[in-house]
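The residues of the chain are indexed from 1 along the displayed sequence.
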Amino acid sequence: MILVFTLMLEVFLFLRGTGAQSVTQPDSLITVPEGDAVELRCKYSSSVAPYLFWYVQYPNQGLQLLLKYTSGNSFVSGIRGFGAEFRKNETSFHLRKTSVHLSDSAKYFCAL
Ligand SMILES: *[C@@H]1O[C@H](CO)[C@@H](O)[C@H](O)[C@H]1NC(C)=O
């Protein structure tokens, strides 16, 4: 009985280990003239099919979901004119907007 328990624990740890996931946002600060396009880069690392999210945090506010990718169409449209394309070949999920406004000044978080 003790042996069975130990094996189950090891399987659990193994699954947790192989399921290690992370995202990287290489740019800490991006400055864009009003009206220009912007791209906020995000690279992910995941051993399983990823669910990816972009959140925005406007000054003195909480996190707000912009868009998410779970499966299906690799291009995702979000609120406020934002979009992101899931690129498995580049393991990336960059956030884009074609014309930015001053009110877009905020912190943007890629999540997995
Ligand atoms: C990855 O795929 C996208 C869309 O299919 C394509 O535009 C892009 O050039 C590809 N990147 C590489 C590095 O192959």
Side-chain angles (χ1 to χ4, degrees):
M1 205 55 206
I2 289 171
L3 179 64
V4 171
F5 173 77
T6 307
L7 284 175
M8 281 170 58
L9 186 68
E10 277 171 10
V11 168
F12 175 69
L13 292 174
F14 176 74
L15 288 174
R16 270 172 56 101
T18 54
Q21 302 177 325
S22 66
V23 290
T24 311
Q25 292 180 249
D27 310 300
S28 55
L29 180 69
I30 295 180
T31 309
V32 186
E34 197 162 20
D36 279 15
V38 71
E39 178 181 75
L40 303 180
R41 293 185 290 160
C42 173
K43 297 264 287 178
Y44 69 87
S45 171
S46 174
S47 56
V48 295
Y51 288 2
L52 292 155
F53 308 82
W54 271 102
Y55 288 90
V56 63
Q57 185 177 29
Y58 297 104
N60 304 314
Q61 289 187 37
L63 286 180
Q64 196 180 328
L65 182 66
L66 276 178
L67 53 80
K68 68 177 174 196
Y69 169 83
T70 52
S71 65
N73 195 338
S74 58
F75 189 84
V76 185
S77 296
I79 59 170
R80 296 175 188 263
F82 283 96
E85 188 181 7
F86 169 65
R87 288 187 173 179
K88 194 177 181 181
N89 59 346
E90 300 174 1
T91 60
S92 71
F93 191 58
H94 305 325
L95 185 70
R96 294 193 180 88
K97 185 170 182 173
T98 49
S99 178
V100 294
H101 299 285
L102 185 60
S103 61
D104 291 321
S105 299
K107 289 180 178 173
Y108 292 84
F109 298 91
C110 183
L112 177 147

Residues which pass side chain to side chain contact (heavy atoms under 4.5 Å, CB included) with N89, listed by chain and number, not counting sequence neighbours =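 Result, side chain to side chain contact (heavy atoms under 4.5 Å, CB included) vs N89: R87.
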Taking only residues two or more places apart in sequence or in another chain, which ones pass ring pair (Phe, Tyr, Trp, His ring centres under 6.0 Å) with Y44?
->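 For Y44, the residues satisfying ring pair (Phe, Tyr, Trp, His ring centres under 6.0 Å) (neighbours in sequence not counted) are F86.
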Please determine whether residues [X] and [Y] belong to a single hydrophobic cluster, defined as Ile, Leu, Val, Met, Phe, Trp and Tyr linked transitively by side-chain heavy-atom distances below 4.5 Å.
{"X": "Y69", "Y": "Y55", "answer": "no"}
{"X": "I30", "Y": "V23", "answer": "yes"}
{"X": "L40", "Y": "V32", "answer": "yes"}
{"X": "L65", "Y": "L95", "answer": "no"}
{"X": "F82", "Y": "W54", "answer": "yes"}

Could you tell me whether F75 atom CZ has more than 12 heavy atoms of other residues or ligands within 6.0 Å of it?
->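 Check passes, neighbour count above 12.
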How long is the straight-line distance from [atom2] of [Y] back to [atom1] of [X], given to the nearest 0.5 Å?
{"X": "S77", "Y": "L66", "atom1": "OG", "atom2": "CG", "answer": "12.0 Å"}
{"X": "R41", "Y": "E90", "atom1": "CZ", "atom2": "CD", "answer": "11.0 Å"}
{"X": "L63", "Y": "Q57", "atom1": "CG", "atom2": "CD", "answer": "5.0 Å"}
{"X": "H94", "Y": "K43", "atom1": "NE2", "atom2": "NZ", "answer": "7.0 Å"}

Would you check if L67 and F93 make a side-chain contact, meaning some heavy-atom pair closer than 4.5 Å?
->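 The answer is yes, as the side chains (C-beta and beyond) meet within the 4.5 Å cut-off.
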Quiz: residues 100-112 side-chain donor-acceptor pairs under 3.5 angstrom, not counting sequence neighbours:
| unit_1 | atom_1 | unit_2 | atom_2 | d |
| --- | --- | --- | --- | --- |
| D104 | OD1 | K97 | NZ | 3.2 |
| D104 | OD2 | K97 | NZ | 2.9 |
| D104 | OD2 | H101 | N | 2.8 |
| S105 | OG | L102 | O | 2.9 |
| Y108 | OH | D104 | O | 2.5 |

Return yes if some donor-acceptor pair links the side-chain N/O of K68 with the main-chain N/O of V76 below 3.5 Å, else return no.
->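 Absent.
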With distance as the sole test, does S46 use its side chain to make a donor-acceptor pair with the main-chain N or O of V48 at under 3.5 Å?
->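 Pair found, side chain donor or acceptor close to backbone of V48.
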